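Take a look at the structure set out below.
Quick note on labels: first sequence line is chain A, next is B, and so on, each numbered from 1. Keep in mind the model is a prediction, meaning the values are calculated, not measured.
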Number of protein chains: 2
Amino acid sequence: MTATREDAYLQIGEVAERLGVTHRTLRFYEEKGLLKPPTRMEGGFRLYSEDDVRRVERIKQLQRLLNVSLAEIKEMVEAEELKSQIRAEYRRDADVAERREKLQRALAETEKQYALICQKVEQLSAMQDEYAQKIAKYHGWLAQLGSADEATGERVP
Amino acid sequence: MTATREDAYLQIGEVAERLGVTHRTLRFYEEKGLLKPPTRMEGGFRLYSEDDVRRVERIKQLQRLLNVSLAEIKEMVEAEELKSQIRAEYRRDADVAERREKLQRALAETEKQYALICQKVEQLSAMQDEYAQKIAKYHGWLAQLGSADEATGERVP
DNA sequence: GTCCACCTTGACGTGCGCGGAAGGGGCGAC
DNA sequence: GTCGCCCCTTCCGCGCACGTCAAGGTGGAC
């Protein structure tokens, strides 16, 4: 059990290879506060947990899909961190009012992000439709060209 | 008619204000070949047509939604330019085979872009679902807290 | 003519998101 | 021990997408 736990920890190079990023990127995220400082070996080597790895994946996902700055992504992942805090505190005798406040903050942030995503999906879907129509038009024109090789009386705008 | 045509041309500052970009951005796009050099007044002032304006809007849209480099966007808008060329050549006695080839190139590029958009929409939709579930969970937890604590909470939408 | 807002080119500066090299230390195998 | 590889911090550099400043030309109103 302790063995599996220790095996679960990865050095920076392994994480980098797994996720297709460089060790520089991981250290950079740590510098910028997007990643909490990972645990270390005695000699100072960083040891990343599976949670850490998931966090990096999340960051990359947000970056790819939402096109927002790392500063904004930092706020986003910090909101997710709140959730973990709430979970951790759940067993203890944390104040109910305090827990609710945290939940509401996390919820508000999540809803903000959700709205952003919805907006993006909407716009992208519109663009998708637009492209589908363009493709249909091209196919139409090509069909005309194909059938009317000598009989040229068709309309191509 | 000539009057409306001339009125339709805009100076760089007007375009910038309309689109919420700076004149530097417009010049930059021109330098990089994303915008074809606009017509000029005698004194050298740039005069942008409505087509030019739409082109800039398009560039900005692609940038916002697809998160790709200007170099890639250049290729995309160049593909759209092919379509205009085909239109322009239609009246003339352009070779049918040549026109078909251009159409097919334009179609191929458009389909490539379409695939990219589909992929993005898919991933973003998945993320959207994920967030919707998260929000539902938060609401559930808040409801639990609210009922267990017997009612100082009011905001559980 | 004069004024002033707007335009021109050119060149250097900036913030972001890392890249890469220097100089040094840790770790496991032999 | 020592060899080789991976890791550490520090610091300068780079590409992208512009921002910004300088020095001057243009255009229409008065």
Side-chain angles (χ1 to χ4, degrees), chain A residues 3 6-7 9-49 52-53 55-78, chain B residues 3 6-7 9-49 52-53 55-78:
Chain A
E6 294 206 342
D7 288 349
Y9 282 85
L10 299 172
Q11 284 186 205
I12 195 166
E14 299 170 301
V15 176
E17 198 183 356
R18 266 204 194 182
L19 302 184
V21 301
T22 68
H23 82 282
R24 183 70 185 84
T25 299
L26 294 171
R27 275 194 307 108
F28 182 70
Y29 290 170
E30 189 181 334
E31 278 173 35
K32 294 293 172 183
L34 280 93
L35 253 49
K36 64 178 199 291
T39 57
R40 302 265 186 150
M41 295 167 61
E42 296 230 334
F45 287 23
R46 287 172 179 80
L47 286 177
Y48 293 90
S49 69
D52 293 331
V53 175
R55 180 95 165 233
V56 179
E57 276 182 315
R58 186 74 175 164
I59 291 168
K60 279 294 169 191
Q61 187 189 24
L62 291 168
Q63 207 177 22
R64 276 199 316 275
L65 294 178
L66 295 186
N67 193 18
V68 292
S69 70
L70 288 187
E72 292 171 278
I73 292 179
K74 187 186 171 188
E75 290 184 18
M76 295 185 174
V77 294
E78 276 172 355
Chain B
E6 295 207 338
D7 288 352
Y9 282 84
L10 298 172
Q11 285 188 204
I12 195 166
E14 300 171 298
V15 177
E17 198 183 356
R18 266 203 193 181
L19 302 184
V21 302
T22 69
H23 88 281
R24 181 71 183 86
T25 299
L26 294 172
R27 231 163 43 80
F28 182 70
Y29 289 171
E30 190 181 332
E31 277 174 32
K32 293 294 172 184
L34 280 94
L35 254 48
K36 63 178 198 291
T39 58
R40 303 265 186 149
M41 294 167 62
E42 296 230 334
F45 288 24
R46 286 173 179 81
L47 285 177
Y48 293 90
S49 70
D52 293 332
V53 174
R55 180 95 165 235
V56 179
E57 275 182 315
R58 187 71 174 167
I59 292 168
K60 278 295 168 191
Q61 188 189 22
L62 291 169
Q63 204 177 24
R64 276 199 315 274
L65 293 178
L66 295 185
N67 193 18
V68 291
S69 70
L70 288 187
E72 292 171 277
I73 291 178
K74 186 187 171 186
E75 290 183 20
M76 295 185 175
V77 293
E78 275 172 356

- Message: Can a donor-acceptor pair be found, under 3.5 Å and without considering hydrogens, that links the side chain of A:Glu75 to the backbone of A:Glu72?
- Response: no
- Message: Under a 3.5 Å distance rule, please check whether B:Arg55 uses its side chain to pair with a backbone N or O of B:Leu34 as donor and acceptor.
- Response: yes
- Query: Are the side chains of B:Ile12 and B:Val15 in touch, meaning some heavy atoms are under 4.5 Å apart?
  - Reply: no
- Message: Please check if the number of heavy atoms outside B:Glu14 that lie under 6.0 Å from its CD is greater than 12.
- Response: yes
- Item | Where protein sits on nucleotides 7-20 of chain C, one letter per nucleotide: B base, S sugar-phosphate only, - none, heavy atoms under 4.0 Å | SSBBB-----BBBB
- Query: Rounded to the Å, how far apart are A:Tyr9 OH and D:dC7 P?
  - Reply: 17 Å
- Separation of D:dG27 atom C1' from B:Leu10 atom CG, nearest Å, is 17 Å
- Item | Separation of atom CG in B:Leu35 from atom C1' in D:dC18, rounded to whole Å | 15 Å
- State, without any angle test, whether B:Arg64 and B:Gln61 hold a side-chain donor-acceptor pair at a distance under 3.5 Å. no
- Would you say B:Arg18 has more than 12 foreign heavy atoms packed within less than 6.0 Å of its CZ? no
- Message: Tell me the interatomic distance from A:Glu17, atom CD, to D:dC5, atom P, rounded to whole angstroms.
- Response: 16 Å
